[in-house]
A.B. asks: 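Sending over a structure as structure tokens; questions will come in a sec.
Proteins get letters first, then strands, A, B, ... in listed order; numbering begins at 1 in each.
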Amino acid sequence: MEIHPPSAPAPVSDPSSVPAGSLLRGLNPEQYEAVTLPHVPALILAGAGSGKTRVLTTRIAWLLQTGQMSPGGVMAVTFTNKAAKEMLTRLSAMLPVNVRGMWIGTFHGLCNRFLRAHWKVAGLPQAFQILDSSDQLSAVKRVIKGMNLDEERFVPKQVSWFIAGAKEDGKRPGDVAIHDGQTQKLVEIYQAYEDQCQREGVVDFAELMLRTYELMRDNAPLREHYQRRFGHILVDEFQDTNRLQYAWLKMFAGPQCSVLAVGDDDQSIYAFRGAQVGNMADFEREFRVQHIIKLERNYRSCGNILDAANHLIGHNSRRLGKNLRTEAGPGEPVRVQESASDYSEAQWILEEAQQLHRQGMARREIAILYRSNAQSRVIESALFNAGIPYRVYGGLRFFERAEVKHALAYLRLIENCNDDTSYLRVVNFPTRGIGARTLEQLQDAARSSGRSLWQSVGAVGGKGGGNLVAFNQLIDSMRNETRGLTLREIIEVMLQRSGLVDFYRTEKEGADRIENLEELVNAAEAFVTQEGFGKDAVALPVDELAPGSMAEGLPRAVAAVDLKPDAETGEIMSPLAAFLTHAALEAGDNQAQAGQDAIQLMTVHSAKGLEFDAVFITGLEEGLFPHENSANEPDGLEEERRLMYVAITRARQRLYLSFSQTRMLHGQTRYHIKSRFFDELPETALKWLTPRTQGFGSGFARDYQAAWQRGSGLQSMVGAGQQPYRTPAPPPPMPTRSPTEVGGQRFKAGMSVFHTKFGEGVIVTLEGSGTEARAQVNFGRHGPKWLALSVAKLTIVE
DNA sequence: TCGTAGAGTGTTTTT
DNA sequence: CACTCTACGA
């Protein structure tokens with residue numbers, strides 16, 4: 001793929017002559033050009049730390065300020081709520097503009113907004129609810145059970161993934177190509193799942209996108225309306241868009257629309273969940289993009305860090321081609337540390353981090369990154385034992401916690417009693433004498449009549465049946481009691497009447513949970529205040545409703561806005577329904593202690609978009625980073641390299657790369673060699689804190705052997721004369737598992753071997769011992785393979 | 001209905 | 001190792 005220079009160099013006036021107070025003040029020439037582009041499609045290749053958010057927001061502000069666009073005519077779409085919020089905040093700081101009328105949000109958030117306005121033509125109930133991924137999973141499980149299918153053959157997670165994947169390819173059950181019986185059945189499950197969702201009035205994340213896309217595609221007046229409306233569409237993180245999102249954008253972008261796509265192919269790290277980097281090239285071609293601007297000036301990292309990043313990513317093929325540069329000096333070298341074990345690695349990190357902190361660096365400016373979540377544990381325990389405050393990203397977020405989900409389920413039932421997922425979640429929680437047997441009967445009755453669980457309670461007799469009726473009455477009475485109350489009051493009533501609070505009061509670990517339930521009340525309160533639901537505000541976009549808005553004049557027959565206000569209050573959407581939507585679309589933070597100054601721990605994926613003064617990239621070992629599983633996927637290694645690129649470019653001043661010789665993984669000690677990425681970094685930018693073990697690959701095993709024979713074990717390899725790390729327990733006696741003992745042969749990582757079937761290859765990883773011993777061998781044409789050494793016939797190639 | 005022992009599992013993840 | 005899920009017995 002190649003990049004054409006802008007056909008006509010844009011007539012950029014000298015950005016340095018921009019008057020004080022102007023929006024455009026302080027932009028560099030490329031940024032300036034991007035912000036002031038004419039009304040045509042354009043692609044901005046924005047490198048890490050090149051000021052892309054600034055360009056996006058300044059462009060919107062500029063379009064509005066110069067009167068080229070009214071707020072209603074702009075759409076800006078992002079992937080995360082955080083990015084959307086950031087954009088809104090910055091924008092309102094630049095201009096006094098009513099951001100509520102603007103279409104700025106996540107793909108899913110905008111779809112929700114669209115479907116709330118057009119629920120009727122979209123074929124949805126007005127109070128449709130959104131399933132998060134765990135809701136979706138349990139819905140899929142129910143479908144599989146209901147079809148009497150084997151959960152071994154149809155693993156709910158995989159089925160769920162299949163359905164989401166199909167939707168993200170724009171495919172309904174009828175559109176999926178069927179090659180075999182398995183696919184046939186999967187499609188049947190997909191169909192049944194769809195029917196179930198439709199019956200219950202719920203949509204999953206992918207459905208929000210697909211439903212919106214289809215409605216735009218099939219409803220010409222609606223499409224024309226929106227296409228006329230949006231003169232400018234700006235897309236953030238374009239490299240992360242999937243097929244459906246791309247098609248969605250094309251649907252909203254009419255002939256008069258100028259789409260500005262901002263992205264960085266080198267930071268595409270979500271191919272595994274359907275992101276198509278190829279969308280960038282497709283966009284360039286299909287939108288006949290004339291203006292491609294590269295933002296390569298980096299304002300974040302110092303020279304050595306950028307050298308490392310550029311050098312590394314240079315090993316990828318199929319790039320759009322971009323190099324980061326800085327006007328800051330080279331700065332400090334990139335420090336490299338080798339440790340004997342994951343434990344001593346953690347120990348070293350914490351001491352180094354403490355050192356930085358003592359020198360005045362805030363803890364929140366120090367990030368510890370790893371490839372996979374499992375790696376955080378050792379580091380966490382080291383920090384915990386040392387009493388150093390830290391914060392782990394990832395894990396359960398607020399709205400995903402069990403007690404919060406229970407509470408939300410009650411609220412959802414108040415809003416829509418046909419929501420079977422919520423019904424099943426709380427019908428017997430707290431326990432009400434409704435057991436598996438009773439629910440079995442209820443589900444059978446519901447299935448055979450095609451009705452919801454709620455509607456089927458009458459069909460179940462006996463004691464269980466009576467309890468079910470009582471449960472329905474409980475929900476009914478909650479609905480009646482809360483009518484007309486504020487959101488806060490509704491939740492308080494629900495918490496009491498449902499018995500949730502009482503239940504957790506008697507639990508031994510219930511205090512935290514009650515605290516979270518109280519937090520839910522606060523979240524609701526904050527939501528009402530922020531979104532203005534307290535008074536007469538409605539959830540629908542103001543510009544869709546106001547007379548004189550662009551929606552006015554649209555043929556009523558196609559229902560631009562399907563208004564159906566509450567008969568009593570006149571509310572278009574109840575605060576409760578709005579809050580439930582909010583809870584589904586924005587899972588919230590994962591920690592309450594977010595304010596504290598703490599060291600930040602996270603995966604490389606979740607670090608994307610963030611920056612820190614000091615960054616530790618840990619576990620840089622073959623098999624971990626690059627991850628062994630990526631070797632099986634096409635372009636897997638390139639994605640791992642981009643991931644590494646993302647990790648490197650998070651650092652402002654100081655970057656540490658660290659790897660360990662041994663690591664506890666899944667309860668087993670594994671022996672690793674250092675990541676191949678070290679060979680792809682410029683020597684001149686690196687500074688080894690530990691002596692280099694030469695000749696990597698075979699080096700480790702040989703040095704280990706030598707060190708062991710000297711009677712000093714691994715510790716002697718970690719550089720005597722260094723800080724007294726007090727490496728704890730001596731390393732596991734390697735000889736029992738020694739790679740050199742494996743299979744009775746002298747295999748070592750890095751060694752060339754010959755296999756009768758796969759030919760010549762190089763040993764990447766060795767693990768296990770005796771008959772368990774296995775090796776990952778990289779065979780040129782056949783790629784990497786895991787081999788059981790007791791079985792595979794390998795000979796050493798000299 | 002509920003608690004617990006045993007098996008199974010184990011990249012990355014926002015919405 | 002640490003967690004989730006299932007099956008079984010009280």
A.B. asks: Verify the contact: side-chain N or O of A/R273 to OP1 or OP2 of B/dT11, cut-off strictly under 4.0 Å; return yes or no.
C.D. replies: no
A.B. asks: Does A/A587 reach a base, just sugar-phosphate, or nothing at all? Heavy atoms under 4.0 Å.
C.D. replies: nothing
A.B. asks: Please tell me if A/R397 has a side-chain N or O lying less than 4.0 Å from either OP1 or OP2 of B/dT14.
C.D. replies: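 Checking B/dT14 against A/R397, a side-chain N or O does come within under 4.0 Å of OP1 or OP2.
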A.B. asks: Base, sugar-phosphate or nothing for A/Y270? Non-hydrogen atoms, less than 4.0 Å.
C.D. replies: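 Sugar-phosphate only.
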A.B. asks: Between A/G435 and A/S630, which has a closest nucleotide on DNA chain B that is more 5'?
C.D. replies: A/G435
A.B. asks: NZ of A/K82 versus P of B/dT13: gap in Å, rounded?
C.D. replies: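 The answer, rounded to whole Å, is 14 Å.
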A.B. asks: Taking only the side-chain nitrogens and oxygens of A/N81, find out if one of them lies under 4.0 Å from OP1 or OP2 of B/dT15.
C.D. replies: yes
A.B. asks: Tell me if the aromatic rings of A/F429 and A/H406 count as close, with their centers under 6.0 Å from one another.
C.D. replies: yes
A.B. asks: Side chain of A/S372 only, please: which of B/dT13, B/dT11, B/dT1 is the nearest?
C.D. replies: B/dT11
A.B. asks: Closest to the A/T603 side chain: C/dA2, B/dT13, B/dT11?
C.D. replies: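 Minimum distance to the A/T603 side chain belongs to B/dT13.
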A.B. asks: Would you mind telling me which of B/dT13, B/dT1, B/dT11 lies closest to the side-chain atoms of A/T431?
C.D. replies: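 Nearest listed nucleotide: B/dT1.
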A.B. asks: Given A/E621, which partner from the list A/R371, A/R676, A/R663 fulfils the salt bridge (Lys or Arg N to Asp or Glu O under 4.0 Å) test?
C.D. replies: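 So, applying the salt bridge (Lys or Arg N to Asp or Glu O under 4.0 Å) to A/E621 and each of A/R371, A/R676, A/R663, only A/R663 qualifies.
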A.B. asks: Below the 4.0 Å mark, does B/dT1 have OP1 or OP2 next to a side-chain nitrogen or oxygen of A/R432?
C.D. replies: no
A.B. asks: Among A/R397, A/K82, A/K85, exactly one meets side chain to side chain donor-acceptor pair (under 3.5 Å) together with A/E586. Which residue is that?
C.D. replies: A/K85
A.B. asks: Closest to the A/T80 side chain: B/dT15, B/dT11, C/dC3?
C.D. replies: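 Of B/dT15, B/dT11, C/dC3, B/dT15 is nearest to the side chain of A/T80.
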A.B. asks: Which whole-number value in Å describes the distance from A/W161 CH2 to B/dT12 P?
C.D. replies: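 Checked: the CH2 to P distance equals 16 Å.
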A.B. asks: Please classify the nucleic acid contact of A/E640 as base, sugar-phosphate, or nothing, using heavy-atom distances under 4.0 Å.
C.D. replies: base
A.B. asks: Does B/dT12 have A/H605 stacked on its base, where the ring centres are within less than 5.5 Å and the planes differ by under 30°?
C.D. replies: no
A.B. asks: For a quick check of understanding: with a heavy-atom distance under 4.0 Å over all strands, which category does A/Q136 fall into, base, sugar-phosphate or nothing?
C.D. replies: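 Here A/Q136 touches no strand at all.
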A.B. asks: Please lay out, stage by stage, how A/K405 and A/D132 fare under the test salt bridge (Lys or Arg N to Asp or Glu O under 4.0 Å).
C.D. replies: CA-CA 11 Å; A/K405 292 217 75 165; A/D132 70 14; 2.6 Å; yes
A.B. asks: For A/L208 and B/dT15, give me the distance from atom CG to atom C1', rounded to whole Å.
C.D. replies: 8 Å
A.B. asks: Using a cut-off of less than 4.0 Å, is there contact between a side-chain N or O of A/N373 and OP1 or OP2 of B/dT11?
C.D. replies: no
A.B. asks: Could you tell me whether A/E207 and A/R172 have a side-chain N and a carboxylate O separated by less than 4.0 Å?
C.D. replies: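 Yes, A/E207 and A/R172 are salt-bridged.
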A.B. asks: Report which part of the nucleic acid A/I434 touches: base, sugar-phosphate, or nothing (heavy-atom distance under 4.0 Å, all strands).
C.D. replies: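 It contacts sugar-phosphate atoms only.
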A.B. asks: Taking only N and O in the side chain of A/N242, is any of them less than 4.0 Å away from OP1 or OP2 of B/dT14?
C.D. replies: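 Answer no for this pair, as no side-chain N or O of A/N242 is under 4.0 Å from OP1 or OP2.
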A.B. asks: With a non-hydrogen cut-off below 4.0 angstrom, is A/D132 in contact with a base, only sugar-phosphate, or nothing?
C.D. replies: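 Counting heavy atoms under 4.0 Å across all strands, no contact is made by A/D132.
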A.B. asks: Kindly indicate whether the side chain of A/S133 and the base of B/dT15 share any N or O donor-acceptor pair separated by less than 3.5 Å?
C.D. replies: yes
A.B. asks: Tell me the interatomic distance from A/R371, atom CZ, to B/dG10, atom P, rounded to whole angstroms.
C.D. replies: 15 Å
A.B. asks: With salt bridge (Lys or Arg N to Asp or Glu O under 4.0 Å) as the test, would you mind laying out the steps for A/D264 and A/K52 before giving the verdict?
C.D. replies: CA-CA 10 Å; A/D264 181 358; A/K52 125 202 119 135; over 6 Å; no
A.B. asks: What's the closest nucleotide to the A/F205 side chain, out of B/dT12, B/dT15, B/dG10?
C.D. replies: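 Selected nucleotide: B/dT15.
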A.B. asks: At under 4.0 Å between heavy atoms, what does A/F79 touch on the DNA or RNA strands: base, sugar-phosphate, or nothing?
C.D. replies: sugar-phosphate
A.B. asks: Please report, rounded to the nearest Å, how far the P atom of B/dC2 is from the CG atom of A/L439.
C.D. replies: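 Computing the A/L439:CG to B/dC2:P distance gives 12 Å.
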A.B. asks: Can you check the A/L396 CG to B/dT14 P distance for me, whole Å?
C.D. replies: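 Between P of B/dT14 and CG of A/L396: 12 Å.
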A.B. asks: Taking CD from A/E168 and C1' from B/dT15, how many angstroms apart are they, rounded to a whole number?
C.D. replies: 10 Å
A.B. asks: Would you say the rings of A/W119 and A/F128 are close, in the sense that their centroids are separated by under 6.0 Å?
C.D. replies: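 Distance test on ring centres: not under 6.0 Å, no.
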A.B. asks: Considering heavy-atom distances to DNA chain B, does A/L665 or A/G433 have its closest nucleotide positioned more toward the 5' end?
C.D. replies: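 Here A/G433 is the residue nearer the 5' end.
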A.B. asks: Round to a whole Å and report the spacing from CD of A/E639 to C1' of B/dT13.
C.D. replies: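 So the two atoms are 12 Å apart, to the nearest Å.
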